[in-house]
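Let me begin by presenting the structure, written as structure tokens, before commenting on it.
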Amino acid sequence: MKTLVLVAHPNLSNSVVNKTWMERLQKEEEMTVHNLYAEYPEGRIDMEREQQLLLEHDRIVFQFPFYWYSSPSLLKEWQDVVLSYGWAYGAEGTYLRGKEFMLAISTGGPETAYQAGGFNQYSMSELTKPFQATANLTGMRFLPTFKTQGVRFLEKEQIQESAENLVHHLKANY
Ligand SMILES: Cc1cc2nc3c(=O)[nH]c(=O)nc-3n(C[C@H](O)[C@H](O)[C@H](O)COP(=O)(O)O)c2cc1C
């Protein structure tokens, strides 16, 4: 099982959680960690290069901090460019079929905020539906999302622990 982790954080030098996760995942042999903002500082995504990377892996992971109830913008640009008609979807767009797809998300808000009646009203499962629909359209199996929430209140050890939990989550069979 080869796993591709697309990391999308616009300011990793100020990151606590995503940076810790990324550095931990870089130690795993079966994982390719692909830091999108570092690869594309000008924001011009290389469609063919990204499609080739996808072909070489079985499990695709989007790792990002939750920004405005979604991903940072470069990951959206990546989707717009890379998941093209005739490649990722459409009658002949079958290249992602049968792959697995997963999200790894950190949120500022705590878990309790993400429910009906909570501060943000909607669950993470509801808010990540566009990703699930994308997996569905491209024929990828959407696996359970890895989440670390309320990150401002976490101690350093808890963040390290979340990185270990992420490794287990990414390696698990579903
Ligand atoms: C532009 C921006 C938008 C954000 N939007 C949300 C949000 O919608 N929901 C939320 O829970 N946290 C939000 N946050 C907080 C981030 O999710 C949080 O700081 C991040 O997950 C921490 O990860 P890091 O240490 O890797 O930066 C936002 C932060 C920024 C800078």
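Atoms within each ligand, like the ligands themselves, are counted from 1 in listed order.
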**Message:** With heavy-atom distances below 4.5 Å as the criterion, would you say the side chains of Phe66 and Leu127 are in contact?
**Reply:** yes
**Complete:** For atom 25 (O) of ligand 1, the closest protein heavy atom turns out to be Val16 N, 2.8 Å
**Asked** Salt-bridged, Glu28 to Arg24, with N to O below 4.0 Å?
**Response** yes
**Asked** What is the ring orientation for Trp87 with Tyr95, classed by angle as parallel under 30°, tilted 30 to 60°, or perpendicular over 60°?
**Response** parallel
**Request:** Hey, can you tell me if Phe146 and Trp21 have their rings parallel, tilted or perpendicular (30° and 60° cut-offs)?
**Result:** perpendicular
**Item:** Residue pair Phe142 / Lys129, side-chain heavy-atom distance below 4.5 Å
**Value:** no
**Prompt:** Rounded to the nearest 0.5 Å, how far does CG of Leu12 lie from CD of Glu23?
**Reply:** 8.5 Å
**Item:** For ligand 1, the portion of Val151 having any non-hydrogen atom under 4.0 Å away
**Value:** side chain
**Request:** Find out whether Ile105 and Phe64 are in side-chain contact, i.e. whether some heavy atom of one side chain is under 4.5 Å from a heavy atom of the other.
**Result:** yes
**Asked** Where is the nearest protein heavy atom to atom 8 (O) of ligand 1: which residue, which atom, and how far?
**Response** Tyr69 N, 2.9 Å
**Prompt:** Are Glu164 and Gln160 linked by a side-chain donor-acceptor pair shorter than 3.5 Å?
**Reply:** no
**Request:** Compute the minimum heavy-atom distance from Trp21 to ligand 1 and say whether it is under 4.0 Å.
**Result:** no
**Complete:** Per-atom filter on ligand 1: closer than 4.0 angstrom to a heavy atom of Asn18 are 23 (O), 24 (P), 26 (O)
**Message:** Looking only at protein heavy atoms, which one is nearest to atom 5 (N) of ligand 1, and what is the separation?
**Reply:** Trp68 N, 2.9 Å
**Message:** Can a side-chain donor-acceptor contact be found between Thr134 and Asn136 if the only test is distance below 3.5 angstrom?
**Reply:** no
**Asked** Heavy atom under 4.0 Å from ligand 1: found in His9's side chain, backbone, both, or neither?
**Response** side chain
**Request:** Check each atom of ligand 1 against the heavy atoms of Gly109 and keep those under 4.0 Å away; list them by number with element.
**Result:** 10 (C), 11 (O)
**Request:** Before signing off on this row, confirm whether Lys19 and ligand 1 have an N or O atom pair separated by under 3.5 Å.
**Result:** no
**Prompt:** Taking atom 18 (C) of ligand 1 as the point of reference, which of Ser70, Gly108, Ala113 owns the nearest heavy atom?
**Reply:** Gly108
**Message:** Check this for me - ligand 1, Asn14, N or O atoms closer than 3.5 angstrom, yes or no?
**Reply:** no
**Item:** 4.0 Å protein heavy-atom contact status of atom 11 (O) of ligand 1, strictly under
**Value:** yes
**Val17 N/O to ligand 1 N/O under 3.5 Å** = yes
**Prompt:** Which residue holds the protein heavy atom closest to atom 23 (O) of ligand 1, what is that atom called, and what is the gap in Å?
**Reply:** Ser106 OG, 3.3 Å
**Message:** Judged on heavy-atom distance to atom 30 (C) of ligand 1, which of Tyr114, Phe66, Phe64, Tyr67 sits nearest?
**Reply:** Tyr67
**Request:** Check whether the side chains of Ser71 and Gln79 place a donor and an acceptor atom closer than 3.5 Å, and report yes or no.
**Result:** no
